[in-house]
Amino acid sequence: MESNKLISTTQPSLVPRSSKLQKDIRCHQRRSTTCVTSMPNNTNKKTNYVQLYKPIYIADCCRSINAKCSYEKGDEFELIAEINEEYKHLIHLRTNSECIINRRSLQLDSETPLRLGSDDRGVIQRCLLQYNVPGAYLIRRSNTESNSFVLSIGQVSNQRHAEDWHYLIRTDPISHRFYFAQESRLQNISFTSFQQLIQDENVRNLIPLSEIIPCRIEFEEDLWHIPTRNLTFQFPIGKGEFGEVWRALWKHGHRSIPVAVKKLNPLRHDKATIDSFTREIETMKTLRNHFIVAFYGVAQDINKNETLLITELMENGDLKNWLKFHQDVPNEKIIISYAYDVCRGMLFLEQKSCLHRDLACRNLLLSNVGKTIKIADFGLSTIINKDDFLQREEVYSNKVPIRWTAPEVLQDRANYSIKSDVWSFGIVLIEIWLKGDDPYPEEKSFDSIRALVFSGYVHLRPSKCSKQFYNRLILPCLYYESYQRPSFKTLGERLNQWNQEKDEYDRLNSLCVK
Ligand code: ATP
């Protein structure tokens, strides 16, 4: 996106460079501008709603001034500000450049599928769930990639085991045409406007679009509130620091969605545990990614005095247990794919300035086909904010998972960084090769582990792990100096490349066998 500067036009005198306009622009450029508002309804009860709409205009004619301010008839623009009765300040979606255009050359697009009022995937997911119409869709901005859009579709689950689909759309920098960035079956489709996209027969044959989601989605109560009466508890599936985790069905409209419910009774826990639970809820609200367990909401069971955290159900539970009961793992190919999933989830956390601080197999959950790993348990996580040092100190008074913790953090908890999460990731890889056994199996006391790590000792290669895997992936994560450790981006690239090499090797091998 352009900076706060206005782009010069043919009629520069018409552009008021007032502070108000500059302020409008800055507001516009601030991301994640979700508008969750409440208003009284007829019965005087408050209704909350999420405003998804932002005005979109279509060009009535074409204009060619310079590369930045040229557009075609039918191009779409997002409104930044009304300059005066005649001129509007807009963003040209295809080129992402700012333009000042006479309103006579524009038409308000009343049929637009664009809903740019929120780019928060969590909020969008919740709106799609609330609207509850299979195939209902919208197009929003991506909140992880600037200048990209996402086509989000609700409830088309069964085959894909997901409640919603999200297709990333980028713009080709040369042709300035939009295209689908990730789905190979959509790779030949490109378009110049989002209206054109949703009218395209080829697209509609491949993606089950039904209707555009309304501009405003209403909620009876808070966006994240789930009424306890809509939950049917089935059986316990785990036990953690806070209490039991249950499998339940969440009745939502005509559907029943399987969910995991983490329960906390505040009367049975100390302040640190309650704080940790609250932090987990607050963090999960802001994180939405395919490799992070999805947060659905919170319920209050008044009778039992319990707070319930409701998330996506991961049918195969945690990785530690899974490894113990499955003979076919560890197997290098599967481990590479698991590690790649974790890397992608961690990369997303890094982009969100979030440190996990408790990366371990017990906190990695497996999907129902056992193919995807997602990161869970944000009880120790923190969003890095340079101004809240005191708050961070408070957080650090919690217990530390010693076996997974980097030396600089064992030294001083204020040293937590994404590179200490990289250290934990290296230990997770060891834990996987140990089939879920605790790392440093010989060491029984925390003091001896601490002393070992401080002495510069590096965890030995597990017997089943190849030298290549150990040297290429594990050792770099366990460098004593945090700055020498690779980033999750580099690790992800290494894993992806290795995965592809392995596929190619398998393909050639199968040809030889034939
Ligand atoms: P820790 O002790 O590391 O803090 P925890 O106490 O937070 O972990 P929980 O997150 O409460 O642990 O989870 C306990 C167990 O419940 C997990 O190990 C897992 O087996 C199961 N579990 C938790 N969440 C889910 C989920 N979304 N889907 C399936 N199983 C889950």
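Model, not experiment: these values are computed from the prediction. Whatever order the structure lists them in is the order used to number ligands and atoms, beginning at 1.
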Which ligand 1 atoms, with their elements, are less than 4.0 angstrom from a heavy-atom of Ile237? 29 (C), 30 (N)

Mind telling me whether Phe425 and Phe488 have parallel, tilted or perpendicular rings, with 30° and 60° as the class edges? perpendicular

Option of least heavy-atom distance to atom 9 (P) of ligand 1 (set: Glu315, Arg362, Lys374, Lys262): Lys262

Name the orientation class of the two ring planes belonging to Tyr457 and Tyr440 (parallel below 30°, tilted from 30 to 60°, perpendicular beyond 60°). tilted

Test of proximity, Leu313 against ligand 1: N or O pairs below 3.5 Å: no

Begin with the C-alpha distance, continue with both residues' side-chain angles, and end with the deciding distance and a verdict on side chain to side chain contact (heavy atoms under 4.5 Å, CB included) for Ile124 and Val150. CA-CA 11 Å; Ile124 299 286; Val150 178; over 6 Å; no

On a heavy-atom basis, I'd like to know which of Asn321, Leu365, Thr311 is closest to atom 24 (N) of ligand 1. Leu365

Any idea how Phe149 and Phe178 line up, ring-wise: parallel (<30°), tilted (30 to 60°), or perpendicular (>60°)? perpendicular

Under 4.0 Å to a heavy atom of Glu312 - the qualifying atoms of ligand 1, by number: 26 (C), 27 (N)

Numbering the atoms of ligand 1 from 1, which are under 4.0 Å from a heavy atom of Asp358? 3 (O)

Relative to atom 19 (C) of ligand 1, which among Leu319, Asp318, Leu309, Val261 owns the nearest non-hydrogen atom? Asp318

Please confirm whether the backbone N or O of Ile198 pairs with a side-chain atom of Arg204, one donor and one acceptor, at under 3.5 Å? yes

Where is the tightest heavy-atom contact between Asp341 and Ile373, given as atom of each residue plus distance? OD2-N, 3.0 Å

Distance under 4.0 Å to a non-hydrogen atom of Gly238: what atoms of ligand 1 satisfy this? 15 (C), 16 (O)

